[in-house]
Amino acid sequence: MPRLLHGTLLATIYGIDRLQTGCGFNLFSSKSPRRVLSQIKKTMLCRPGIIGSKVYATIDLDKARVARTRMVGRDPSHPQWNESFYIYCAHLTSNIVFTVKYDDPVGATLIGRAYVPAEDLMRGSPVERWAEIISDDDHKPIHGGSKIHVKLQYLNVTLDDNWSQGIKDPQFPGVQRTFFNQRQNCRVTLYQDAHFPGHVAARFLLAGGEVYNPQRCWEDVFDAINDAKHLIYITGWSVYTQIKLVRDTTRRKPGDDVTLGELLKRKASEGVTVLLLVWDDRTSVEELKKDGLMATHDQGTADYFRNTSVHCFLCPRNPDDGRSIVQGFEVSSMFTHHQKTIIVDSEFVDQGGSVLQKRRIVSFVGGIDLCDGRYDSMEHPLFKTLNTIHHDDFHQPNFPGAAIEKGGPREPWHDIHCRLEGSVAWDVLYNFEQRWKRQVGDRLVIPPSKLEKILIQPLADDHSNPNETWNVQLFRSIDGGAVFGFPENPREAAELGLVTGKDNIIDRSIQDAYINAIRRAKHFIYIENQYFLGSSYGWKSSDITVADINALHLIPKELSLKIVSKIEAGERFAVYIVIPMWPEGIPESASVQAILDWQRRTMEMMYSDIVQALQRKGLDADPKDYLSFFCLGNRETPKAGEYEPPNRPEPDSDYSRAQQARRFMIYVHSKMMIVDDEYIIIGSANINQRSMDGARDSEIAMGGFQPQYLATNEPARGDIYAFRMTLWYEHTKELDHFFQNPETLESVRRMNVLADRNWELYSDHVLDVDLPGHLLRYPVEVDNNGGIRALPGVEFFPDTKAKVLGTKAQYLPPILTT
């Protein structure tokens with residue numbers, strides 16, 4: 001019988017007593033073409049020198065892969081791993097499955113599987129045994145009667161001292177078993193959007209009576225680059241040389257009327273070491289006019305800096321050495337370098353106010369790329385800035401042929417970023433150095449001996465004001481194909497929280513950070529993310545083979561299980577999730593529709609868990625009282641002096657209909673989670689398998705809190721609280737007192753009332769006034785079983801022929817869209 005394993009699984013794979021040559025089988029014993037192919041591969045492997053040359057084992061919870069050993073070949077007849085794994089689990093499973101395989105250049109060949117029933121682990125005691133390895137072909141012991149020696153212990157999540165306790169102590173050490181330790185006495189600046197207008201009246205008080213003042217991301221980036229004396233290091237999915245960072249005419253700065261490319265070349269000519277690591281989009285070739293399918297400008301950026309003092313390196317997403325030929329092709333062709341970081345040296349002012357000769361490191365991390373289409377503010381205009389700040393930065397990739405000459409709507413952009421100071425900023429620098437050394441080498445990057453002469457050491461840069469102090473930890477999704485310096489010894493890697501995979505070493509600490517934060521949560525969670533799909537092992541679907549989807553990260557399931565635990569305990573809890581109306585791109589396209597389909601299945605899994613928990617408690621409650629999904633949109637009435645395009649979109653196109661209705665979604669590109677107003681995660685990672693896997697897209701994120709502002713005996717009222725409230729004001733244009741306590745029914749229902757009202761105005765055929773707020777309900781409804789349906793009369797998104805619920809992809813591989 002399936003049992004819920006929610007907590008931590010401690011697993012050790014010691015080795016196999018003996019492995020025969022594997023040739024004791026009948027090639028023609030199976031009528032299954034797939035099994036015949038497997039037998040042929042085994043026959044090939046029977047040749048001397050090949051058989052058993054490299055063997056590895058995996059751990060599955062039923063069909064969800066959760067761990068993998070390294071490959072061993074020293075003694076193939078008695079393979080020994082002695083590897084231990086710390087596995088987060090949130091799975092309804094019948095068996096813990098140990099699969100043993102031979103590695104080969106094309107992929108792998110199955111030897112057999114061993115099973116340990118989940119029921120045997122439920123008491124929480126260690127279970128050690130020699131488990132018989134069974135053949136998949138006839139479900140009998142494999143040739144030679146081989147057994148695998150394993151040890152397992154399941155620790156229920158409720159045994160964790162931090163479960164639903166929040167951050168109990170200012171000395172909370174951060175997430176354990178990670179590559180980067182938590183750093184104390186840091187400073188963090190939080191940014192919503194690339195720019196924050198100066199005329200916004202809403203201001204929020206912190207616990208000490210101070211007023212929270214939102215800062216301006218791209219202005220601060222301009223100042224940081226402009227003031228650098230020694231180094232400017234940048235990593236980006238996209239870096240576009242033609243953008244301007246400062247555009248607010250009321251806030252001009254000396255020398256700000258330059259493009260990013262001009263600014264970087266000027267700094268390099270002054271003797272500053274300027275290094276760029278930009279993802280190499282392999283589709284950026286002459287035949288595609290150099291722009292590439294993702295329009296990242298990578299080739300144009302490299303050409304712009306060629307033969308200058310700026311060193312721009314286009315780095316492909318190379319696989320680690322342990323990949324098969326097929327896996328290596330998948331990694332290099334489908335996945336990206338997605339980190340968005342800036343590292344500069346900055347002046348250091350001591351406590352007495354004196355500027356020291358040595359300087360310090362300042363870093364920027366988050367979701368905003370230094371490229372076109374990103375400059376926006378909380379107003380998120382569609383049309384009214386097309387003759388000013390967005391005339392030369394018109395971004396609208398959702399309509400074929402969209403251009404400024406045809407007019408709006410532009411695609412507004414909502415995003416979140418942060419600035420890090422103190423010792424955590426050095427961790428961002430070290431991430432850059434690891435990547436540069438792996439992908440470029442030792443040349444050009446400033447060596448440590450020189451850094452010691454020009455920079456103060458990290459601990460000397462501690463921030464002394466207790467009301468502004470942060471404890472911050474850096475997290476990543478990355479593997480040995482992208483960074484230098486991961487330990488090769490599995491035991492050393494495990495101590496750093498790194499995951500072994502065949503001969504691949506993986507850092508997936510971003511997912512670990514999300515899991516830990518969700519498990520700690522006491523009252524509410526607020527998420528903004530560009531994507532929301534995953535935990536596919538929990539999907540209930542008859543039209544797909546769930547095991548083939550492989551979107552196995554735990555975050556959606558952890559969220560629903562947290563809500564379930566609160567319902568069972570009779571406690572209030574609320575999760576708010578803001579996502580885009582659809583993923584950026586042509587909404588009717590197969591890829592966008594496939595992602596929407598995965599998203600719908602993820603929502604159904606979560607709502608089904610909640611509905612079943614409510615039914616078990618005999619509660620007649622709306623599941624949206626616990627979990628609510630929103631999107632953002634805008635709608636503008638015509639204004640005097642508005643830009644008049646010389647041309648118009650194709651008649652009866654999505655573009656034309658959106659222009660006539662004067663509406664469009666605000667694209668949510670944020671990658672952020674706030675827990676109980678005391679802890680925040682900001683980074684480049686989406687909530688999908690690409691970002692959370694560790695061996696797919698490379699990502700970076702920070703997680704932090706202010707020790708002076710914890711939700712221990714009363715609600716936290718520090719920068720994180722004020723940042724959330726400012727975000728909610730941006731989305732709703734309201735200062736509702738209920739929003740101060742997001743877990744309450746009053747807050748949840750008020751947000752949903754506003755979102756419902758705004759959706760009705762957004763989707764209406766008549767436009768009388770500007771949209772009073774940007775927050776929209778996500779256009780689905782939940783049935784009595786937790787199923788997801790489109791709203792009545794809203795099968796398609798407004799102005800499109802794109803299905804809200806998405807469509808199952810017929811040809812696209814799931815690895816591309818999950």
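The six-membered or imidazole ring of W436 lies away from that of Y233, with a centre-to-centre distance of 6.0 Å or more.
Two residues are said to be in side-chain contact when any heavy atoms from C-beta on lie closer than 4.5 Å; N529 and H669 fail this criterion. In this structure, P400 and I586 have side chains that are in contact, with non-hydrogen atoms separated by less than 4.5 Å. Counting heavy atoms from C-beta outward, T296 and W279 have side chains that approach closer than 4.5 Å. In this structure, the side chains of H414 and L727 come closer than 4.5 Å at one or more pairs of heavy atoms. Looking at V211 and L205, their side chains come closer than 4.5 Å, going by heavy atoms from C-beta outward. Between P409 and Q659 the shortest side-chain heavy-atom distance falls below 4.5 Å. Taking 4.5 Å as the limit, some side-chain heavy atom of L754 sits within range of a side-chain heavy atom of R750. Between M751 and F630, the closest side-chain pair of non-hydrogen atoms falls below 4.5 Å.
A donor-acceptor pair is defined here as one N or O able to donate and one able to accept, closer than 3.5 Å; no such pair exists between the side chain of N758 and the backbone of L776. Using a distance-only test at 3.5 Å, with no hydrogens or angles considered, a donor-acceptor pair links the side chain of R216 to the main chain of F196. In this structure, S477 contributes its side chain and S691 its backbone to a donor-acceptor pair below 3.5 Å. No donor-acceptor distance shorter than 3.5 angstrom exists from the side chain of Y762 to the backbone of G633, with no hydrogens or angles considered. A donor-acceptor contact shorter than 3.5 Å links the side chain of H380 to the backbone of S377. No donor-acceptor distance shorter than 3.5 angstrom exists from the side chain of K803 to the backbone of K801, with no hydrogens or angles considered. T241 places no side-chain N or O within 3.5 Å of a backbone atom of G261 that could act as its donor or acceptor partner. Using modelled atom types, one side-chain atom of N398 and one backbone atom of G585 make a donor-acceptor pair closer than 3.5 Å. Using modelled atom types, one side-chain atom of Y778 and one backbone atom of M581 make a donor-acceptor pair closer than 3.5 Å. Judged purely by atom type and a 3.5 angstrom limit, Q215 has no side-chain atom pairing as donor or acceptor with the backbone of T189.
With respect to the salt-bridge test (charged N to carboxylate O, under 4.0 angstrom), the residues R266 and E270 qualify. Ion pairing of K229 with D345 is absent here, as no side-chain N (NZ or NE/NH1/NH2) approaches a carboxylate O to less than 4.0 Å. Salt bridge annotation for R374-D193: absent, with no cationic side-chain nitrogen under 4.0 angstrom from a carboxylate oxygen. A salt bridge is absent between R419 and D220: the closest approach of a Lys/Arg side-chain nitrogen to an acidic carboxylate oxygen does not fall below 4.0 angstrom. Salt bridge annotation for D770-K733: absent, with no cationic side-chain nitrogen under 4.0 angstrom from a carboxylate oxygen. Between E636 and K384 there is no salt bridge, since no side-chain N of the basic residue sits under 4.0 Å from a carboxylate O of the acidic one.
Between D654 and P587, the closest heavy-atom pair is OD2-CG, 3.9 Å. The shortest non-hydrogen separation linking S363 to I361 is OG-CG2, 3.9 Å. Between V472 and M702, the shortest heavy-atom distance links the atoms CG1-CE, 3.9 Å. For R247 against W218, the heavy-atom pair with the smallest separation is NH2-CZ3, 3.8 Å. Nearest heavy-atom pair across P381 and T385 is CG-OG1, 3.4 Å. In this structure, G704 and I720 approach most closely via the heavy-atom pair O-CD1, 3.8 Å.
Between the side chains of T341 and T235, at least one donor N or O sits under 3.5 Å from an acceptor N or O. A donor-acceptor contact closer than 3.5 angstrom is absent between the side chains of S269 and K267. For the residue pair S698 / Q339, no side-chain donor-acceptor distance below 3.5 Å is found, with atom types taken as modelled. In this model, a donor atom of one side chain and an acceptor atom of the other lie less than 3.5 Å apart for Y576 and S747. No hydrogens or angles considered: a donor-acceptor pair under 3.5 Å links the side chains of N686 and K671. Neither side chain, Q192 nor Y729, offers a donor N or O lying under 3.5 Å from an acceptor on the other. Between the side chains of E730 and T726, no donor N or O sits under 3.5 Å from an acceptor N or O.
Taken from CD in E411 to CD1 in I666, the straight-line distance is 10.5 Å, to the nearest 0.5 Å.
Relative to the ring axis of Y304, K265 places its NZ or CZ within 45° and under 6.0 Å from the centre.
Just one of Y531, F664, F796 meets the ring pair (Phe, Tyr, Trp, His ring centres under 6.0 Å) condition when paired with W582; it is F664.
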